[in-house]
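The next block holds one structure in the form of structure tokens; read it before the comments.
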Amino acid sequence: MKPIRQLIMMCAFIGGLCGVSVAFAADVPAVTPADALKKEADLKSNPLTKDQVCTRCHDESETKPILSLYQTKHGVRADSRAPNCQSCHGESDKHLHGDPSVKGRASPDLVFGSRRGTSGDFETKEAVLQNEACLACHKKDAKRSHWEGSTHQRENVACVSCHVIHNGGHDKVREKLTQPDVCFTCHKEQRNLINKPSHHPIPEGKMACSDCHNPHGSVGPKLMKRDSVNDTCYTCHMEKRGPFVHNHEPVDDDCTNCHNPHGTTAESMLKMRAPFLCNTCHTPHGAVAPSLAGQGAAAPYVSPLNSGVAITQGRGCVNCHSAVHGSNNPGLTLPGTTLPNNSQFLLR
Amino acid sequence: MGRMIMKTRKQKLVFRKKILAISVLLAIGSAYAEDDDVTKLTKNESSVSVGAGGVSGDSKSKSIFTQYNGLRNNDANLLLDIDVTRLNDATGLWTKIEGRNLGLDDRDLNFSQTKQGDWKYFLEYNEITHHDIRTINTGMQGAGSTAPIIKSLTAPGLGADLNLQLRREAATVGGEKWISPNLLFEVSFKDEDKKGARLSGVGITCGFTRYPCGNGVNASGAALLLPEPVDYNTKQIDAKLNYSGDKFLLSGGYYGSYFTNSNGSMTPALSGGLYAPNGTTALAPTANLTNYLTAPIALSPNNQAQQFYVSGNYAFTPTTHSNFKYAYTHATQNDSFGSMGLSGGPAGIGDLGGVMNTNLLQFGLTSRPTAKLNVVANLRYEDKNDSTPQSAYNVLSGSSPLQQYSNGYSNSSTKINGKLEAAYQLPNHYRATVGIDYATVQRAAPPSLTSPAATDMGLAVGGLRENTREASYRAELRKVLSDTLNGAVGVVHSQRTGDSWTLYNATGTLPSSMLDRNRNKVKLSAEWVPISKLSLQFNFEDGKDTYTGPAQVGLSDTKMYLAAIDATYVLSENWKLTGYLNQSDQTQDISHFSIQSQLEDVNTSVSLGVVGKQSSRLDVGGNLSYMNDSNRYNVSSAGLPDVTYRVTTLKLFGKYALQNNGDVRVDFVHQNASFNEWTWGNNGTPFTYSDNTTVTMQPNQNVNYLGASYIYKFR
């Protein structure tokens, strides 16, 4: 089929060229000096016309999806703030009209790309210069107010290291399902952790990194979305906020004292299993070695406090100290008795 | 240069094809091909995807795979996604409807309209259910309610299976409006319900003066697993006004958050005997033990917080910028004890009256005094003032008659973090960065050694410390070796110290967050493109923390290392291979009394993926990943078996364009997970609670998922 298809195309091409040439010759008027001046003025004032300076070459045949910019907010002409090609890439006169000192085509004024090297055929500019082009408009966004001095800015991460501008509205980093893959380009440890059995629903696409972190900069540590780790966690786990009658101070200090929110093998995203985690701060109940049911004890439950099994298996220390995040129980004694309630030990 | 020529050639080839296409269509009287190409690129495409998918196996055999993805309960599921985007070019009005997983119990639905540069509003609805991967077997009645009834099983495993879940349903509305070209108002309101149950319990060891259970065979104590009923509502309001000028941005905002729990307490009841302590015969617990196990258990109280803040940035010059934030948060908790079903507090006290006020102040400065030099300075000050009234809630251990005392230890703290960093572009494409970080934490004064609290403190911790401070020193050198190779090496050294300790127990464990710490870490990274089709990325990290304190118990050392290689290989214009290999190892050394424990977590992860276009109509892809995670417990006494988690996942997809506006997509996933842990049982011997309740999980799970959808596309 291929040779026949080629033959048909050739015939159509010849016929089409004839027809197109005639039509074109009949329609194109002569260009006067006044027209040329008007055209130049138009180029400077009309954004759409300015784009055409670039899109007459970077058209629909381009291997990179340049025109798909018009599917995005950057390409909405009804918004007077929308940029044209030159707003970001510069006037690029040498790229347009040639530079005798450059063999082949000169580079546009500003070429975007990650810090990993060249973008296509041209050398990319430093991240700070690339980012200046983006921030010229996006500095007005309060979510980016703390970009300067933030971790990614100091590490020379370019906006386009994470964002795709020309890809027709499908910017991977702005979609929950695909955002983590972009972050894992650099953050390898977290890529491992989210696949452990106790994890936030990131692999399932229900949460993304930006649900907890603001990669554009924040006041909180580790680019937390809120002002602190705890404030960020409380947006979904508000029941832990308290304050309680009996507080557990490391809970109020920092959730990550005990939890690794990226994922763990131990339940509830705890960094370690009981009793080991608790023993990093608390004196164990006597010289009781962690042990397992069937590992020698006659019965799984002998004496909870002094049972190596009870502090290791089940919920470990939390088998008894169940109010581990804090207890609001004010009772001094158990109801109807003179026996102590012991809620200060987070037992109920 | 070679690549440039290739690209030009490609453009010419494509240009020729375009001309050919135009000619053909002109010949037949239509310019459809050209308009269609441009339309495809410039007009947003919308789609509706409908299909069905199912996962093999029963709920136990797929519990790990279906933890969050809404595929737990049914064999076959409706797959329905909507993605509609409409743009009115003339007015700049966007209308978007996005629906994901609409046929599952973790659906998302969003509707928004945006008049770009003017206003926006949106409505969102989100659901997610977390299914616990384990199954409880119990004789309990009313599990997950506020009044469960404990009924012992005659033997473990003879009860009813219970699978706990937590379900969230959230609705969010919001919008923004540009009041003027420089003034933007933003607001959002989120309302979320969370319902279900999660693991909790109660337990006590008797025989101490702290709690005498009385005399009898069943006097030494008991522990019960009680699912905590969860019926929460949270509301969050975010509102801010942003004003931006050429040199500055200023935002003023309010963030309010409100938590309500429909349940104040849980009060279990006992029906019959318990098996503790002998494990063979159910015996009636002593009266004291029964009293303890059936007393109300406090659940999370209602609480609320309001935050007001001002933040923004200012450009002193084009190369010198500052940013800042001041925030005041007023958090309260005054849930009535009576309404929570709790009693017995200090006389005349009806609620905690909890108040926590926080002041946060941050100021940062960045500057490029020369083209090669970058300087960053930042200061963050956070003061939390616990203004909760102190009352005599505590009972002194072993005192008779019972002696009450107040909490005596507030949650107040002041944290100051400072940072100073300079980066300089050296000759030969070197970039050097040096930095100093300083952090100090000032906590409330610990209870004095003569206070009643000291006795109870000594039961829990060896001591407390009011102040800790840490200085970190960082250095990094980055080098662009060539167009295709660059790398970086960084080191961190930090030392934490603090005030003297208030020691309650000479042989007790000191909290690890307060111990002196010496930290050293090195990080290496490199990116290399040896040939145009292959890119490689290398990462390596190694670190060690050493903890010291007056008593050598508790956490002493932790170590970590991580090595990762990532690769991408472009097979052709249409095919690409990706892969990675990760290896990591973390150890923690913990000592207590005569028992030394070294915990180690060794993880190996590998992945290989391919994606490509088999033909102009057929896209295919696959990914094979493997993770082996091994937690080792080297304990100086008997030792514990390893806990291992291995998972192999194969994902395949194919998408075929049936016609211009319709695709068929098929997804297949095979996952083999093996999770061997001793938390709930060891070598066939289950861990049993005092009523013979047990918890199990199928350790080896093989799952197959198959889904097929028809995707209708339109513009």
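So you know, we letter chains A, B, ... as the sequences are listed, proteins then strands, and number each from 1.
When B:V376, B:N539, B:L360, B:N303 are compared by the number of non-hydrogen pairs under 4.5 Å with chain A, B:N303 comes out ahead. When each of B:T42, B:L249, B:T366, B:T234 is scored by its heavy-atom pairs under 4.5 Å with chain A, the top score falls to B:T42. Residue with the most contacts toward chain B among A:E126, A:H199, A:E267, A:K271: A:E267 (heavy-atom pairs, distance under 4.5 Å). In terms of heavy-atom pairs under 4.5 angstrom with chain B, the leader among A:K139, A:R241, A:K140 is A:R241. Per-residue counts of heavy-atom pairs under 4.5 Å with chain B were compared for A:Q153, A:K240, A:R81, A:E132; the largest is that of A:R81. Contacts with chain B were tallied for A:L69, A:D254, A:V128; A:V128 has the most, counting heavy-atom pairs under 4.5 Å. Of all the listed residues (A:K73, A:E239, A:E204, A:E148), the one sharing the greatest number of non-hydrogen pairs under 4.5 Å with chain B is A:E239. Counting heavy-atom pairs under 4.5 Å between each of B:S597, B:G554, B:S512 and chain A puts B:S512 at the top. Annotation: maximal heavy-atom pairing with chain A below 4.5 Å, among B:I64, B:T388, B:I128, B:L562, occurs at B:I128. Among the candidates B:V202, B:N683, B:T507, the residue making the largest number of heavy-atom pairs closer than 4.5 Å to chain A is B:V202. Among B:L199, B:L365, B:I133, the residue making the largest number of heavy-atom pairs under 4.5 Å with chain A is B:L199. Chosen from A:G326, A:S68, A:G217, the residue pairing most often with chain B at heavy-atom distances under 4.5 Å is A:S68.
Inspection of the B:Q116 and A:D79 side chains reveals an N or O donor paired with an N or O acceptor under 3.5 Å. A:N319 and B:Y689 form a side-chain donor-acceptor contact under 3.5 Å, judged by distance and modelled atom types alone. No hydrogens or angles considered: nothing links the side chains of B:Q404 and B:N394 as a donor-acceptor pair under 3.5 Å. For the residue pair A:H246/A:S327, the side-chain donor-acceptor check at 3.5 Å is not satisfied. Checked by atom type, the side-chain pair B:N603/B:S605 shows a donor-acceptor distance below 3.5 Å.
Contacts between B:T91 and chain A at a heavy-atom distance below 4.5 Å involve the backbone alone (N, CA, C, O). Both the backbone and the side chain of B:V461 have a heavy atom closer than 4.5 Å to some heavy atom of chain A. Looking at A:C236, both its backbone and its side chain come within 4.5 Å of chain B, counting heavy atoms on both sides. At a 4.5 Å heavy-atom cutoff, the contact between B:D629 and chain A is made by side-chain atoms alone. Of the two parts of B:T679, the backbone and the side chain both hold a non-hydrogen atom closer than 4.5 Å to a non-hydrogen atom of chain A. For B:N69, the parts sitting under 4.5 Å from any heavy atom of chain A are the backbone and the side chain alike. If you measure heavy-atom distances from B:N242 to chain A, the contacts under 4.5 Å come from the side chain alone. Of the two parts of A:A142, the backbone and the side chain both hold a non-hydrogen atom closer than 4.5 Å to a non-hydrogen atom of chain B. Residue B:D106 touches chain A through both its backbone and its side chain, counting heavy-atom pairs closer than 4.5 Å. In this structure, no portion of B:I349 lies under 4.5 Å from any heavy atom of chain A. Residue B:A295 touches chain A through both its backbone and its side chain, counting heavy-atom pairs closer than 4.5 Å. The part of A:T72 that comes within reach of chain B is its backbone (N, CA, C, O), which places non-hydrogen atoms under 4.5 angstrom from that chain. Of the two parts of B:A460, the backbone and the side chain both hold a non-hydrogen atom closer than 4.5 Å to a non-hydrogen atom of chain A. For a residue to count as touching a neighbouring chain, one of its non-hydrogen atoms must lie under 4.5 Å from one of that chain's; by this rule B:S251 touches chain A with the side chain only. Heavy atoms of B:V643 lying under 4.5 Å from chain A belong exclusively to its side chain. For a residue to count as touching a neighbouring chain, one of its non-hydrogen atoms must lie under 4.5 Å from one of that chain's; by this rule A:L177 touches chain B with the side chain only. Only the backbone of B:L510 comes within less than 4.5 Å of a heavy atom of chain A; no side-chain atom from C-beta onward does. Both the backbone and the side chain of B:A305 come within contact range of chain A, judged by heavy atoms closer than 4.5 Å.
For B:N582, the side chain to side chain donor-acceptor pair (under 3.5 Å) test picks out A:R191, A:N192, with sequence neighbours left out.
Taking the charged nitrogens against the carboxylate oxygens, B:R380 and A:D227 have no contact shorter than 4.0 Å, which rules out a salt bridge. Electrostatic pairing of B:D601 and A:K196 counts as a salt bridge here, judged by a charged N lying under 4.0 Å from a carboxylate O.
In this structure, A:R273 fails the cation-pi test against B:Y633, since its NZ or CZ atom is not both closer than 6.0 Å to the six-membered ring centre and inside 45 degrees of the ring normal.
Taking CG of B:N486 as the start and CD of B:E527 as the end, the distance is 4.5 Å to the nearest 0.5 Å.
Looking only at distances, a side-chain donor or acceptor of A:R154 sits under 3.5 Å from a matching main-chain atom of A:G149. No donor-acceptor pair closer than 3.5 Å links the side chain of A:N247 to the backbone N or O of A:E249. Remark: side-chain polar atoms of A:Q313 are paired, donor with acceptor, to backbone N or O of A:A293 under 3.5 angstrom.
The side-chain heavy atoms of B:S413 and A:D253, taken from C-beta on, include no pair separated by under 4.5 Å. B:H321 places none of its side-chain heavy atoms less than 4.5 Å from the side chain of B:N313. Between A:P330 and B:L352, the closest side-chain pair of non-hydrogen atoms is not below 4.5 Å.
Aromatic ring centres of A:F345 and A:H321 lie farther apart than the 6.0 Å criterion allows.
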